[in-house]
There are 2 protein chains.
Amino acid sequence: MNTSRRTAVDRRPSGRAPTIHDVARAAGVSKSSVSLAVRGQAGLSEATRSRILDAAQQLGYRSNVWARSLVQGRTGLIGVLLGDLGSSYHRDVTNGIEDAAAEQDIRLVIGHGRRDPERLRRELDSLLALGVEAVIVVSSWLPPQHLEAVAQRVPIVVVGRLPQEVPGVDTVANQDAAGARLAVEHLLSLGHRRILHLTGSSRTAAMHRRRAYSEVMRARVPEVGPQVEGPEHLDRAQAHLISQVLRGEGPTAVFTQNDRIAAELMGRCLDAGIRLPDQLSVVGYDSSSLCSVLRPRLTSIDQPRLTMGSLALRMAVERIAGKLGARAPDPAPRWTRPRAAPPWRLADDAGVHLRASGGGGPVSPSHRWGRA
Amino acid sequence: MNTSRRTAVDRRPSGRAPTIHDVARAAGVSKSSVSLAVRGQAGLSEATRSRILDAAQQLGYRSNVWARSLVQGRTGLIGVLLGDLGSSYHRDVTNGIEDAAAEQDIRLVIGHGRRDPERLRRELDSLLALGVEAVIVVSSWLPPQHLEAVAQRVPIVVVGRLPQEVPGVDTVANQDAAGARLAVEHLLSLGHRRILHLTGSSRTAAMHRRRAYSEVMRARVPEVGPQVEGPEHLDRAQAHLISQVLRGEGPTAVFTQNDRIAAELMGRCLDAGIRLPDQLSVVGYDSSSLCSVLRPRLTSIDQPRLTMGSLALRMAVERIAGKLGARAPDPAPRWTRPRAAPPWRLADDAGVHLRASGGGGPVSPSHRWGRA
DNA sequence: GCCGCAGCATGGAGCGTTCCAGAATCGTTC
DNA sequence: GAACGATTCTGGAACGCTCCATGCTGCGGC
């Protein structure tokens with residue numbers, strides 16, 4: 001039967017990784033002592049400890065995460081499910097998550113949804129199969145009922161705005177309404193009155209921005225009121241806007257739902273020979289890396305993406321600790337709001353601010369201004 | 001002693017997941033039979049199989065990946081270490097990897113280096129600790145000696161250009177030289193003679209591009225020859241270039257090492273009142289998402305990023321299969337080059353092409369052209 | 001001199017699987 | 001009816017680790 005085992009051993013990647021037994025033999029101690037030593041637990045003399053660690057070092061020993069988690073019943077893994085790679089938003093949120101994870105003994109596993117709800121689901125399943133103890137979903141595209149089902153197995157924190165509150169799912173979101181208000185107030189302060197809102201989505205975050213825009217417009221310029229284009233026929237709306245501007249009619253400023261739409265609009269305006277910002281001012285939302293690349297530079301609303309990420313991780317850790325019956329590892333920090341038990345949500349707790357395009361070419365109506 | 005176990009059980013996330021034993025008991029068979037059934041292996045009657053699967057379904061049983069990989073000695077995991085999230089390059093390469101992985105029974109684990117070699121190393125370690133069977137590194141920033149050390153434990157495929165050939169490490173790279181030649185030939189065909197090369201790096205890929213640029217310039221316009229600025233004092237070089245152009249002197253075209261630098265240059269030119277592309281033509285490298293956003297649109301060199309990703313995954317799988325002593329799963333495809341045994345590398349096998357800015361505003365010297 | 005008690009160190013059980021040798025069952029064939 | 005092979009099913013060992021009960025020292029106090 002030893003020979004039968006042999007074959008299994010031989011089938012594994014060359015030079016089979018050293019185990020706790022190998023280290024034990026090398027250091028002349030029992031496997032239990034090695035286990036204590038590598039985990040830095042008490043109950044060993046300094047002499048043996050260092051002897052063991054030396055041997056481990058020399059053999060290139062690394063503890064097998066799977067074996068450990070098998071016996072401990074936990075993995076120390078948190079899944080990060082990104083709606084998309086390749087966006088500065090997701091990068092920054094992820095960085096925030098990583099920074100917070102580095103403070104704890106938490107390992108992250110990143111999954112990638114490729115902007116596709118179906119793929120997002122599959123990736124979520126995949127993360128669960130890996131044994132993550134919680135999942136941070138940086139996307140609002142997962143269907144609520146699916147989220148709810150998964151949340152019964154494992155804590156879920158969503159960074160973004162879900163269409164509805166989901167039992168057992170915590171959320172972190174930026175203050176969309178406040179951001180939109182900032183944007184509109186900024187344009188108003190520049191003297192604009194006819195301000196258009198261009199939106200590409202009817203999802204929750206977009207609707208919050210749109211609603212706030214409308215409220216401000218109704219309150220501040222009742223004689224003009226809100227004018228929203230999109231999300232449907234967005235292309236045609238842009239074309240119409242451009243022809244208006246070329247005739248010297250229509251809006252003098254546009255607040256777009258996000259930077260991508262702003263960039264697209266700016267491109268089309270420039271193609272049509274419209275002078276930006278003289279003939280049209282544009283303000284975006286997200287403060288993406290596009291802002292400083294575009295000419296004229298784009299004024300946009302900045303979300304505290306790093307903070308949102310860190311927040312999400314801490315919430316996940318707290319949930320795990322709660323599930324495990326222990327108390328939260330940190331003394332509850334400022335943001336904790338230890339109010340209602342699950343389900344709870346923490347939204348709008350992350351501030352937002354306007355980042356006017358610094359430097360040479362701010363988007364403005366015919367005159368320059370400094371920083372907002 | 002049973003009670004002592006109890007506490008361990010109770011400490012684990014609520015409602016302890018059902019195991020193979022639970023299913024066995026429910027179906028009235030042995031755990032071995034359950035194992036066979038859930039893995040769809042032969043050796044069971046249809047009757048018992050379906051009875052077992054029903055029971056498993058009812059209990060919501062999911063096989064424990066850690067336990068499985070512990071006994072099988074393999075995880076089915078491949079690590080993807082990204083030099084950075086948030087770039088369209090990394091996204092596309094990752095998509096290519098994922099597409100190829102979907103065809104196999106491979107699960108991907110993504111790590112994130114944040115453009116920092118030190119962090120890259122830590123993430124690599126973290127992936128190894130997770131038990132990945134191979135790592136695809138989408139970055140050229142890891143020090144060769146470190147790569148070499150790790151490659152002894154697990155196959156490594158690098159997407160990018162390492163400073164030197166590393167034993168045991170496979171690489172996938174685009175044809176930097178061919179790409180650079182395309183770019184320069186393109187500008188020459190538009191009538192440019194004084195073409196500057198602006199580079200931001202002295203790393204390998206950049207050097208390949210730079211060298212190819214110089215060769216073409218020497219061969220095609222010997223009376224002008226190559227002129228390279230950067231990587232040091234890039235900022236000053238740009239300022240100088242702009243002042244030259246404003247005086248109607250200096251280069252009429254610039255080939256930049258990448259799109260980021262091209263975008264920066266274009267921004268500064270526009271800030272200075274230079275008309276693009278009338279006064280200066282710019283060609284970038286990468287065909288990033290910037291190209292279609294900028295005005296005028298940016299002509300750039302396109303790398304087959306998806307293909308490169310798929311290639312990398314197939315190479316990794318092949319390596320794993322080789323290490324495991326089995327033959328490659330697929331009949332060797334076109335690109336395999338089954339030449340030298342390890343170490344081998346496969347570079348420059350992924351084609352490259354110029355993507356001229358379509359539509360309205362191509363970067364050109366005073367006249368328009370169609371697609372290249 | 002013996003007891004008690006630290007402090008260290010250890011072997012064994014068990015985590016949830018897979019794998020394998022062998023047992024049990026069944027149907028054929030002589 | 002015995003012998004045999006094929007089919008179906010099973011228990012135990014092992015994977016690499018943690019945890020626990022227990023053993024072994026040596027030392028101070030009575």
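Each chain gets a letter, A, B and so on, in the order the sequences are listed, and its residues count up from 1.
Across all strands, B:V65 comes closer than 4.0 Å to no nucleic acid atom at all (heavy-atom distances). Here A:S63 lies in heavy-atom contact (under 4.0 Å) with sugar-phosphate atoms only.
In terms of phosphate contacts, B:Q72 brings a side-chain nitrogen or oxygen within less than 4.0 Å of OP1 or OP2 of C:dC19. Considering only side-chain N and O atoms, B:S33 lies nowhere under 4.0 angstrom from the phosphate OP1 or OP2 of D:dC9. Remark: B:T19 is not in phosphate contact with C:dG16, judged by side-chain N or O atoms under 4.0 Å from OP1 or OP2. The phosphate of C:dT18 (OP1 or OP2) has a side-chain N or O of B:S35 nearer than 4.0 angstrom.
Two end axes, each from the C1' atoms of five base pairs, can be drawn for the helix from C:dG1-D:dC30 to C:dC30-D:dG1; they diverge by 70°, to 10 degrees.
Whole-Å rounding puts the B:N64 CG to C:dC15 P distance at 12 Å. In this structure, the CZ atom of B:R68 is 20 Å from the P atom of D:dC17, given to the nearest Å. Between the P atom of D:dC17 and the CH2 atom of A:W66 lies a distance of 14 Å, rounded to the nearest Å. Between the CG atom of A:D22 and the C1' atom of D:dG16 there is a distance of 10 Å, given to the nearest Å. We find that CG of B:L36 is positioned 10 Å from P of D:dT10, with the value rounded to whole Å. Per the geometry, CZ belonging to A:R25 stands 13 Å off C1' belonging to D:dG16, to the nearest Å.
Of the residues in residues 38-58 of chain A, those with a non-hydrogen atom less than 4.0 angstrom from any atom of DNA chain D are A:R39.
Panel note: side chain B:D22, backbone B:T19; a donor-acceptor pair is recorded below 3.5 Å.
Across A:R153, A:R107, A:R74, a single residue satisfies salt bridge (Lys or Arg N to Asp or Glu O under 4.0 Å) together with A:E133, and that is A:R74.
The environment of A:R114 atom CZ is dense: over 12 non-hydrogen atoms of other residues, nucleotides or ligands sit within 6.0 angstrom.
With C:dT17, C:dT10, D:dG16 as the candidates, the nucleotide lying closest to the side chain of A:V71 is D:dG16. Out of C:dT18, D:dG16, D:dT10, the shortest distance to the side chain of B:I20 is found at C:dT18.
Not a single donor-acceptor pair, N or O on each side, falls under 3.5 Å between the base of D:dT10 and the side chain of B:K31. With hydrogens and angles ignored, a donor-acceptor pair under 3.5 angstrom links the side chain of A:S32 to the base of C:dG11.
For A:S32 and A:S35, the side-chain atoms include no donor-acceptor pair closer than 3.5 Å.
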